[in-house]
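What follows is a single structure, written as C-alpha cells, with notes after it.
In what follows, chains are A, B, ... by sequence order, proteins preceding strands, each numbered from 1. Any value given below was found using the heavy atoms of this structure, including those in side chains, with hydrogens, waters and symmetry copies removed.
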Amino acid sequence: MKTDVLIIGGGVVGCAIARNLSQYNLDTSIVEKDNDICMGTSKANSSMIHSGYNINGSTLKGKLCLKADVKRYDRMCNELNVEYKHTGSIFAGFNEEHLKIIKAEVENAKKNGLEGVRILNHEEVMKFEPNINPEVKYALFDPNTGTINPFEYTLALAENAVMNGVKVYLNAEVLNIIVKDKKIESVYTTIGSFQPKIIINSAGLYSDKIAEMVDEIDFYVHPRRGEYYVYDKKWRDFVNHCIYSPPTSVSKGMIIVPTVDGNILCGSNAQEIPDKTDFSTTKEYLDYIYRENIHMMFPGLPRMGDVVTTFAGLRAASNTEDFIIDYAKNTPTMINLVGIQSPGLTSAPAIADMVEEMILNIAEFSGIKMTKKKEWNPIRPVRPNLGKMSNDEKTKIIAENPDYAKIICRCETISKGEILDAIHAPIPAMDVDAIKRRTRSGMGRCQGGFCGPRIIAILHEELGIDPLDITKRGGRSNILLSKSKNLSLFEREGNNEKIRL
Amino acid sequence: MKKLDYDIVVVGGGPAGLAAALEASVNSNLKILLMERSERLGGILEQCIHNGFGLSYFKEELTGPEYASRFIKEVEKKDNIDIKTGTMVIDINPDKVVIAENVEDGLFQVYAKAVVLAMGCRERTREAITIPGNRVSGVMTAGTAQRYVNINGYLPGKDIIILGSGDIGLIMARRMTLEGCNVKGVLEIMPYSSGLVRNKVQCLDDFDIPLYLNYTVTAIHGKDRVEAVSIAKVDDRLNPISETEITVSCDTLLLSIGLIPENELSKSAGVKLDGVTKGAIVDEKRETNIKGIFACGNVLQVHDLVDNVSAEAKIAGRSAVEYIEEKFDKLDKPIELKPGNNIAYLVPHRIEYKINDEKYIEIYMRVHKPMEHIRLCVLDEKGNILDSYRRDIVVPGSMETIRLKSEFIRNYDFIKVEVQE
Amino acid sequence: MEEKTKIICTSCPRGCIITVTHVGKEIKEINGYTCKRGVIYAKDEFILPKRVLTSTVRISCGELPMLPVRTESAIPKNKIIECVKKICEIDVKAPVKLGQVICKNICNTNVDLIASRDIHKVV
C-alpha cells in the first residue's frame, strides 16, 4: 500500500499528529498493532490535563506541556466534542516540609507564566474539599489543572482525522522496516506492507524497537508501571479537584482525580518492570496506594466494595526521562517520538504541532507537497449519549430510532442504539472492551455480567463474527471457548485433574 | 412522553414480581402493570435449569423454568394484569411516578397508586474483592456463565476453578462437569461453605470435585485469557498466608462470592436501606419508608429458596391492594424488631399494624456464625423470654424463619430476637 | 468382611456424616444420624443413589437456541455421564411444550427425558 505518511502507533500522540496532518492534501495512515486505538499508555493513566505549574520549563516536556494550555484545550475539546473538566488542583500539605515545597512551586508557577496559583490555609482547603483528611494544614491551589477521558479524547482525535481522510489500520503490527539510501522503501506489517515517504514512530512503549529497525539508537524505553483504583459513581461528589498527595518517606506523592465520567480515579505507584506486556495489578501496590494515598487523603473511601475496577498502566519512560522527539539519525524521513510519559497526554496537541513543523521541513526532501485542504472540518460530531439527554430529547431520538429505547447495559443504562453507533463508527468497535470504552456499557456495578452475553449477540449479528471468535480486547482474549454439547470434551486428556492440597 | 395510569406497578418480572402481581390480581380488580427488562418473564429462573425448586411452595420438586412457568401461565391469564417485557424502568420518584422505556412505547411515565419493587439482586464481581493480576478474559461470575451455557449454548471455558461456595457456584460446578469440562476445585475463604449441604453433596461430591475451605485466589495470571491463578490458605483474619501460595493452571475462573440486592431504583424513590441486608427497611406488610412503595424477594433480602421469595412477594402484593383499599389498621405505635446476639438481621424491621385473624407473623433472619444446639429466643424490652425455638444447627448460608405469635404483638417499643445456647 | 461407607445427609443444613456398616450390599448398622430422616436418607443413598438429571438440548427454529430438559424422575447416579453424552447427540425442533418427551427411556433407565419449558417457534 502506498501512503505519504505512515504513523506507527494509534495512541494519543499518533492520533493528534494524524489530526494535524489531516489538514493537508496528504495520504496519511495509522497502523496500530491492537484491535483498537488507544490500547497502551494513552489509555491507562491519571487522565489529568496538567497545567505545568510544577514542571521544569526548560525541558522539552516542560515546553510542550506549557504550550498545551487551558485555552488550547478549551478550543480543541469544543471542536472534538470531548468533555474537559476544569477541576483545578490541590497539593495538600501536612507539615513544614510540605509548605517548603508549596512555596517553591508557587515560584515555579510564576516562572512558567501560570496565573492564579496560590496557597490555601486549612479553612480554605476544607471549604474546597470538605471530605479531605482534616489534618491538612495548607495547600497549593492551581486553577489551571483539568481532567479528560483519555480514551474519548484519543478516539475523538482519531475519528476527526478519519473524517478528514486519514486511514486507520488495526491489528497491524510493524514487523520490519526496509530503508535504502536514507529513504524508506517498505514497512512490513502483519496485515501487509506499506510504502510511505515519511514514518512517524509514535509507538509508545515500543518506539525504541521500531527505531531500531532503521538505525542504531542511543536511547531506550523502560516500562514503569502504575496501578489505579476506580470508585463507583456514587462517590461522584466526594472529591472536587484533582488532588496531589504530598511525598512521604516511602512515596513520591500520588493523585486522586474526580473524572469526567463521575468516578474517582486514584493512583499510582511507579514500579520499574522488565516486561512491556505486564499490565497486572499486585496486592502489594494496591495496598500501598490505598494506605499512602487514598486513605491518607480521603479516609472516607473504602478499600473494597465500591471499587468498580483496578487497573495498571505502563509509562513509556526513556533513559533521559525527557521526551525525545527527533529525526532518525541516518534516515531523515523518519521521526521518532520516544519517552512520551507524563505529561504526554497533556502535551499531545503541542507535540503534534512540533511534528507538523518537522514534517514541513523535510517535505521537499521526502517528495511530498504540504498544501492545506480547502475544506478541513475540525468538528467531530458527538454521538447520541442518552444518559446526558433530557427526557424530551430522549423521546425525540427514540421516535426516530426505537433501538435507543432498548437497554442493553442496565447499570449504565446504555441502549442498543448507542452500541450499534459504536460498532458502525469511523473507527469501529470490534470487541467487547472496545464497545465498553466507547459507550460505558459493562463499566458499572455488575462489570458486564448482564450485558456481556447480549453484546456478544449484537457483535455476532452486526459484524457476522462467530461468537467463539469474539474477544474481550483482541488477541486471544476470547470469551467463549466451545459450543455446549461438545462430546469431544469428555474424552480430553487430563480431564479429571483436580486441585489436590 | 406517553403517560399511563395504573393502580399497582410491579417492577421486575422474576419470581418476586410474578407472585406479587398475581396475588394483587387475585385479591382485587385493581389495574396492575408488570414490567420486566428481559424479553421474557421469569427472571433468573429461566437460566436455573436445575431442580430443587418448589418443595415448600408447590410440595413438589421442580426445575427453575418449570417453577417460573406455573406463575407465568397464571399471570398471563389475568385480565387485570398488563405485561410489558423488554421494558427498562429507569426512574421511580417518591410520588410513585415511574419512568420506563421500551421499543414499543419509547420513553413513558406511569402514575401509580402503589409500587412493588421486585428487581432481584446481582452478583458480586471480581472487582468487589479486587483480586490482583491481569484483566484477562475468562473471569466471570457463575451466573453469567450459567446464562452462556444454559441459554446461549456456549461454554466460557474448559478447565475451571470456582471461587466461592455460593449455591450458584456449586450448581455451575456440576453443570460445567456435565458439559464435559474439568472443574478443578472450589475455594471458599470462610471456614464453612455458604451453599446448601444438598448442593455440596450433589454438585461436588458426586463428581469428586474438591472444596477447600479457608482458601482464596490471590492473583490472576495470563496475557489475554486466564492461564492460571494463584491460590493460598487464609489466616483467622482472612489474610492470605504467603507460604501456602501455589499456582494452578486453568482457563476460567468463575466467581460465586455473594449477591447484592439491586436497589438503585429504590434509592431514587427515596427508600431507606438496611446496611446489612442492603435491601429496604420494611414493616410486616413489606412497605418501605415511602408510603405505597413495597419491596419483596431478593431486592429486599437475598433468599436461599425461591419458595420464600414467592411467599414474601405474596405479602407485598396483597399489602399493595390493602394500601390502595385503605384496609390497614395501625398499632398505636410500631414495634421495632431488634437483632440480638448472633443475629445478623431481621426482616421485617418493624411491626406497624394490628394483626387480624392471622395467628402469627413470619420473621426471617440470618445468623453471623454457625452454632449448634441453640434456641432462637424472642425477648421483650426487659429481656424476658417471650418465646423460643429450638434449632439443632444454624449457619449463615441458611435463612432461619420463626413464627412470632400474634399474642406478642402488643404494646412494646421493641422486641429482640437472639441466639441463646 | 464388614465395611463402612460414609454418607453425608442432605435432609437439612446440618449435613450429618452417617456411617453405614455393611457386608457387601447388606446393611448391618447405621450410625451418626441425629434424626429419623437421616436413617431413611442413608439407606436409600446406600442401596441405590439416584438423582434427577437436568441439562439442555439443541433446538432449531425456536425463540431460544437451547431447550432445558430433565429426567422425569431420578435415575441411578452411575448412569448420569452416559445420559449426558447421549443428550449431546439430540436435536429437536420448535415448538416444544413443557413436559413433552424428548427422549424415551433414556439409556435404558426406564425414565423419559422431558422438556422443562415451552419453546415457541419463530418464523
Between [X] and chain B, with a heavy-atom cut-off of 4.5 Å, which part of the residue counts as in contact: side chain, backbone, both or neither?
X: C:I87; value: neither
X: C:C88; value: neither
X: C:I8; value: both

Check whether more than 12 heavy atoms from other residues, nucleotides or ligands sit under 6.0 Å from atom [atom1] of [X], and answer yes or no.
X: B:Y364; atom1: OH; answer: yes
X: B:Q420; atom1: CD; answer: yes
X: C:L48; atom1: CG; answer: yes
X: C:K86; atom1: NZ; answer: no
X: B:E60; atom1: CD; answer: yes

Look up atom [atom1] in [X] and atom [atom2] in [Y], then write down how far apart they are to the nearest 0.5 Å.
X: C:L98; Y: B:K73; atom1: CG; atom2: NZ; result: 5.0 Å
X: C:L67; Y: B:N150; atom1: CG; atom2: CG; result: 11.5 Å
X: B:Y148; Y: C:M66; atom1: OH; atom2: CE; result: 15.5 Å
X: B:R40; Y: C:R117; atom1: CZ; atom2: CZ; result: 6.0 Å
X: B:T177; Y: C:I81; atom1: OG1; atom2: CD1; result: 7.5 Å
X: C:R70; Y: B:E61; atom1: CZ; atom2: CD; result: 7.0 Å

Closest-packed option against chain C by number of heavy-atom pairs under 4.5 Å, given [options]:
options: B:D206, B:D205, B:D392; result: B:D206
options: B:N199, B:N51, B:V394; result: B:N51
options: B:E46, B:Q47, B:K200; result: B:E46

With sequence neighbours excluded, tell me which residues meet salt bridge (charged side-chain N to carboxylate O under 4.0 Å, His left out) with C:K50. none
In terms of heavy-atom contacts, B:I49 and C:S55 come closest through CD1-O, 3.4 Å
Of all heavy-atom pairs linking C:P68 and B:P65, the shortest is CG-CG, 4.1 Å
Please classify the contact between B:T63 and chain C as side chain, backbone, both or neither, with a heavy-atom cut-off of under 4.5 Å. both
Pair count under 4.5 Å, heavy atoms only, with chain B: among C:T54, C:D118, C:L53, C:I7, highest is C:T54
Would you say the side-chain atoms of C:T56 and B:R175 include a donor-acceptor pair closer than 3.5 Å? yes
